[in-house]
Number of protein chains: 2
Amino acid sequence: MLTKEQLIEYSEDARKNYLDHISIDCVVFGFHEGQMKVLLLLPHDENKWLLPGGFVQKQEPIEMAANRILKERTGLDKIFLQQFHIFGDPDRAKFHHDLYKETVPDEQNWFAKRFLSIGYYALVDFFGVVPQPDQFSETCTWRDLDDMPEFLLDHELIFKTALETLRVQLSYQPIGYNLMPREFTMPELQKLYETILDKKLDRRNFQRRILGFGILNRAEQPRKGGAHKAPYLYSFDLEKYQNALTEGFKGGW
Amino acid sequence: MLTKEQLIEYSEDARKNYLDHISIDCVVFGFHEGQMKVLLLLPHDENKWLLPGGFVQKQEPIEMAANRILKERTGLDKIFLQQFHIFGDPDRAKFHHDLYKETVPDEQNWFAKRFLSIGYYALVDFFGVVPQPDQFSETCTWRDLDDMPEFLLDHELIFKTALETLRVQLSYQPIGYNLMPREFTMPELQKLYETILDKKLDRRNFQRRILGFGILNRAEQPRKGGAHKAPYLYSFDLEKYQNALTEGFKGGW
DNA sequence: AACAATGGTGTATAAAGTACACAATTGTAA
DNA sequence: TTACAATTGTGTACTTTATACACCATTGTT
């Protein structure tokens with residue numbers, strides 16, 4: 001919890017630098033050990049969580065603001081970002097409004113007002129991320145998609161909307177370049193799809209379909225060393241991948 | 001063009017009532033005589049056009065704001081509205097900023113600042129609309145989709161993004177209930193799809209596919225009176241239609 | 001050497017999408 | 001009244017895509 005003085009100082013700065021009434025919240029997806037992960041923050045003295053977020057500087061494009069915010073939380077630059085919704089319920093920030101109302105008058109509390117939050121989701125390389133809490137938070141860490149904690153504010157709604165959007169996007173655009181390591185096996189990629197869609201896919205049909213998109217290159221040598229039969233390694237053909245992003249696929253899983 | 005006094009008065013009111021930095025712009029689609037139409041405003045003393053838009057009241061949910069704005073321009077209530085993007089380029093409002101800068105100082109001009117605009121698109125019954133210009137506009141009128149005029153600000157981008165979104169939506173959701181009259185013929189509905197997608201569809205395959213969705217009821221009696229063979233009349237089965245909206249279709253056209 | 005676990009590949013069937021042709025109705029022009 | 005053009009209704013063959021399913025190959029373990 002911030003002291004009264006810290007909050008007032010932050011509020012003064014914010015008023016100078018940021019657009020009023022606008023915030024950004026990001027749902028950052030990563031993939032590791034066959035598990036979909038989401039980057040979350042645990043505020044000081046709280047047991048409910050928040051999505052990484054921030055505000056838009058007065059002369060900053062919103063996409064750039066989202067990038068800046070995520071760079072602060074992850075260390076990553078040039079993140080794959082997708083704006084997906086704006087959340088504008090007047091009561092959505094009730095938590096922040098109530099939190100300090102005894103100690104700091106509303107006029108001096110940047111958080112004690114209505115914010116519209118622009119939702120972005122991001123797909124990032126799990127290993128590239130160095131989670132970094134902000135000044136309001138105790139920890140910043142990955143949480144498993146199938147073991148999400150309770151959220152503050154309306155961040156559960158934002159998270160769920162992002163996941164739905166990602167699922168829809170999966171049906172008409174390729175996904176994976178930002179989430180998989182450079183080289184990966186077909187079963188590993190399939191696991192990603194199964195995790196996002198939360199259902200089993202047929203191994204053989206999955207392979208045929210994915211390869212049919214023509215966005216993968218197969219390495220000469222299979223992966224060695226593991227137990228069992230050595231699987232082939234694949235990597236994304238970036239040019240064709242980008243093209244498929246623009247053109248879009250057809251059909252759904 | 002407003003007088004200096006009018007602008008200053010409007011600005012004072014706006015500052016009191018509306019959220020800073022937030023605007024809403026709407027792309028209103030209608031369908032009439034086989035033509036897709038978009039509702040546009042021509043500002044006073046201008047030859048370029050604007051989308052109907054407005055601002056969000058301090059304690060108003062944004063969806064309600066969009067409804068209120070469209071009710072003022074169309075007379076319609078309970079419009080089918082879909083939020084599709086937020087436009088946040090810092091320079092997007094340069095036109096409004098420059099327009100009055102000689103006569104009214106920026107601090108007193110509500111428009112002379114940065115706005116983020118929330119884009120909504122609407123599908124409405126052409127005959128239900130009574131276009132009503134706002135105080136800044138000379139006229140409010142339908143324009144043909146294939147004969148769009150030049151736009152002010154970034155409204156061409158907003159319009160084009162809306163159209164793209166509508167096309168994508170067409171592939172996985174039913175469209176038409178809000179745009180067609182209660183009863184219509186299959187060729188009429190096909191024309192709507194062809195207009196939105198801007199391509200010809202096969203008459204027989206279209207019919208099979210649409211009927212396959214199971215969201216249409218066929219009337220007992222064909223339409224009489226016209227030249228040529230009397231076509232059957234169809235209407236949407238509202239329950240199944242709503243269901244399809246929630247569930248979504250598969251595949252693309 | 002047999003086995004369990006994993007990965008690669010092919011084939012048969014069902015469903016969906018596409019291309020295409022002919023018959024029926026109605027007003028109009030000869 | 002009759003031939004014709006325009007429009008609508010319907011069916012069928014073919015192609016592509018999706019789905020279900022089985023067998024073999026490789027590798028470490030027992």
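Because the structure is predicted, anything quoted here is derived from the model rather than measured. Residue numbers begin at 1 in each chain, while the letters A, B, ... track the order of the sequences.
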Subject >> Test ring pair (Phe, Tyr, Trp, His ring centres under 6.0 Å) applied to A:Tyr234 - qualifying residues, sequence neighbours left out >> reply: none

**OP:** Kindly state each residue pair satisfying salt bridge (charged side-chain N to carboxylate O under 4.0 Å, His left out) with at least one member in residues 69-87 of chain B, sequence neighbours excluded.
**Re:** B:Arg68-B:Glu72, B:Lys71-B:Asp77

Subject >> By side-chain contact (heavy atoms from CB on, under 4.5 Å) - contacts of A:Gln173 (at least two apart) >> reply: A:Gln169, A:Leu245

**OP:** Mark yes or no for whether B:Gln83, through its side chain, and B:Ile118, through its backbone, hold a donor-acceptor pair below 3.5 Å.
**Re:** no

Original post:
Between B:Lys191 (NZ) and D:dT8 (P), how many Å, whole number?
Top reply: 12 Å

**OP:** May I have the distance from B:Phe206 (atom CZ) to D:dT10 (atom C1'), rounded to whole angstrom?
**Re:** 16 Å

**OP:** Sugar-phosphate means primed atoms, P, OP1 and OP2; the rest is base. With that split, encode nucleotides 24-30 of chain D 5' to 3' as B, S or - using protein heavy atoms under 4.0 Å.
**Re:** -BBBS--

**OP:** Check salt bridge (charged side-chain N to carboxylate O under 4.0 Å, His left out) between B:Asp134 and all other residues, then give those that pass, not counting sequence neighbours.
**Re:** none

Original post:
Which residues satisfy the ring pair (Phe, Tyr, Trp, His ring centres under 6.0 Å) test with A:Tyr177, sequence neighbours excluded?
Top reply: A:Tyr241

Original post:
Quick one: B:Arg203 CZ to D:dT7 C1', roughly how many Å, whole number?
Top reply: 8 Å

Subject >> Rounded distance in Å - CG (B:Leu201) to P (C:dA19) >> reply: 11 Å

Subject >> Non-neighbouring partners of B:Trp49 that pass ring pair (Phe, Tyr, Trp, His ring centres under 6.0 Å), sequence neighbours left out >> reply: none

**OP:** Report the residues that fulfil ring pair (Phe, Tyr, Trp, His ring centres under 6.0 Å) with A:Phe115, sequence neighbours left out, ordered by chain and then residue number.
**Re:** A:Phe55, A:Trp110

Original post:
Rounded to whole angstroms, how far apart are CZ on A:Phe213 and C1' on D:dT17?
Top reply: 11 Å

Original post:
If you take atom types as modelled and just measure distance, does the side chain of B:Arg209 reach the base of C:dG17 with a donor-acceptor pair under 3.5 Å?
Top reply: no

Subject >> Length of the line joining A:Gln207:CD and D:dT17:C1', which is rounded to integer Å >> reply: 17 Å

**OP:** Starting from C1' on D:dT7, measure out to CD on B:Gln190 and report it in whole angstrom.
**Re:** 12 Å

Original post:
So, A:Tyr193 side chain and A:Ile175 main chain: donor-acceptor pair closer than 3.5 Å or not?
Top reply: yes

Are there any protein N/O atoms within less than 3.5 Å of an N/O atom in nucleotides 10-13 of chain C, and if so, which ones and at what distance?
from   : atom 1 : to       : atom 2 : distance (Å)
C:dT11 : O4     : A:Arg208 : NH2    : 2.9

Subject >> For B:Ala122, side-chain contact (heavy atoms from CB on, under 4.5 Å) partners two or more places apart >> reply: B:Val28, B:Leu70, B:Ile79, B:Leu81, B:Val124

Give every pair of a protein N or O atom and an N or O atom of nucleotides 14-16 of chain C that lie under 3.5 Å apart, one pair per line with the distance.
none

Original post:
With sequence neighbours excluded, what pairs up with A:Asp146 under the salt bridge (charged side-chain N to carboxylate O under 4.0 Å, His left out) test?
Top reply: none

